[in-house]
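Just so you know, these numbers come straight off a predicted model, no measurement behind them. Atom set for the values below is all heavy atoms of this structure, side chains included, hydrogens, waters and symmetry mates excluded.
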2 protein chains.
Amino acid sequence: MTLDLATEVGYAGLNIEAVARRAGVGKHTIYRRWPSMAALLLDALSRVWTTDLDYRDTGDVGADLREQFLRSAPALSQPPIGPVYRAVIAEAQSDAALRATLHERFLATVEQSTFDRITRAQRAGELVADADLRFPAEVLCGTLYYRWLLSTKPIDEEAVNSLVDMFMAAYGTGSRS
Amino acid sequence: MTLDLATEVGYAGLNIEAVARRAGVGKHTIYRRWPSMAALLLDALSRVWTTDLDYRDTGDVGADLREQFLRSAPALSQPPIGPVYRAVIAEAQSDAALRATLHERFLATVEQSTFDRITRAQRAGELVADADLRFPAEVLCGTLYYRWLLSTKPIDEEAVNSLVDMFMAAYGTGSRS
């Protein structure tokens with residue numbers, strides 16, 4: 001509901017009053033649960049997005065990473081998630097508490113599920129046994145944000161393939177190309 | 001001058017009028033060169049920062065990357081660059097033209113100098129001969145922005161080492177650890 005409203009009126013036109021009106025409740029009802037518009041939006045984003053965060057496990061970690069990144073990337077460039085997520089990230093640049101919440105409530109979950117998937121691959125012998133995979137999980141989750149937030153290039157199949165290729169070249173046990 | 005003023009009054013308190021007053025010129029003089037506050041700040045950032053963008057070439061590409069990242073990272077967390085750069089990035093999230101300018105005027109330069117440095121290493125036999133290094137250059141420049149913009153973790157020596165280790169594990173010709 002909040003995300004639909006954001007799509008209709010734009011992030012700049014959005015406020016707690018408008019959300020309350022749309023929901024048919026008093027604005028204090030909204031304020032009781034969410035201290036700010038950004039917190040409310042973050043919550044709405046998490047609910048829509050976390051349904052889509054699970055990696056498959058086909059036994060081919062490279063393919064599973066690629067599949068998940070290609071499945072989630074389009075959301076970044078489309079309403080309702082794209083513009084609202086961008087606005088929350090912008091807001092978080094002048095609000096360290098929101099930044100902490102954004103990481104803790106949302107991105108840490110993504111990093112953890114990525115870490116879990118590649119750790120399973122390591123146990124299965126697909127990745128080198130002695131590699132510490134905590135930072136590589138962050139690289140897998142974080143690198144393409146640079147492209148999204150700081151350039152005009154799309155998160156396309158070529159970018160996703162290049163990222164997964166680099167990860168597999170670094171840690172894969174298969175023959176090095 | 002603009003960055004000093006931004007540090008004193010904060011990004012929110014900054015406007016073209018204040019900059020003009022500080023510079024002792026009319027505001028039209030400022031507007032003639034910079035269409036917006038963000039454009040002016042981007043220009044000021046570029047001037048301060050580009051002096052520091054050159055990679056060393058000691059013949060050890062891993063060490064040179066590490067050195068450059070560790071040298072530039074503190075700027076992100078300190079005034080004048082840190083908060084102003086963060087504010088410009090935030091502004092760019094609702095302004096695609098500013099985002100394009102930010103990439104073209106500043107980040108593309110960083111990506112290119114990174115690409116040049118690792119391409120020299122490839123020619124010197126430090127990196128595998130057949131690797132396409134364009135995307136890896138973007139990973140080297142971009143990955144740590146995730147940490148800076150979307151988490152509360154610092155860009156510390158451990159993060160820099162981990163990133164360079166991953167890059168060298170993927171493309172280095174040295175023995176794989």
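- Of the inter-residue distances, the one linking B:Ser162 atom OG with A:Asp132 atom CG reads 7.0 Å to the nearest 0.5 angstrom.
- Annotation: B:Glu157, atom CD; neighbour count of heavy atoms from other residues, nucleotides and ligands within 6.0 Å does not exceed 12.
- Atom CG of residue B:Asn161 and atom CZ of residue A:Phe135 lie 10.0 Å apart, to the nearest 0.5 angstrom.
- Proximity to chain A (any heavy atom under 4.5 Å) is shown, for B:Ala159, by both the backbone and the side chain.
- Most heavy-atom pairs under 4.5 Å with chain B, from the set A:Glu104, A:Glu91, A:Lys153: that is A:Lys153.
- Between the CZ atom of B:Arg147 and the CG atom of A:Leu107 there is a distance of 13.0 Å, given to the nearest 0.5 Å.
- Residue A:Arg99 comes nearest to B:Trp148 through the heavy atom pair NE-O, 4.0 Å, listed as atom of the first residue, atom of the second, then distance.
- Contacts between A:Ser94 and chain B at a heavy-atom distance below 4.5 Å are absent for every atom of the residue.
- The environment of A:Glu158 atom CD is sparse: at most 12 non-hydrogen atoms of other residues, nucleotides or ligands sit within 6.0 angstrom.
- In this structure the side chain of B:Met166 reaches within 4.5 angstrom of the side chain of A:Phe167, judged on heavy atoms.
- Inter-residue side-chain proximity for B:Tyr145 and A:Leu150 is flagged as met; some heavy-atom pair is nearer than 4.5 Å.
- With a 4.5 Å cut-off on non-hydrogen atoms, A:Leu163 touches chain B through its backbone and its side chain both.
- Side chain of A:Gln93 to main chain of B:Leu149: a donor-acceptor pair is present (N/O by atom type, distance under 3.5 Å, no hydrogens or angles).
- At a 4.5 Å heavy-atom cutoff, B:Ala87 makes no contact with chain A through either its backbone or its side chain.
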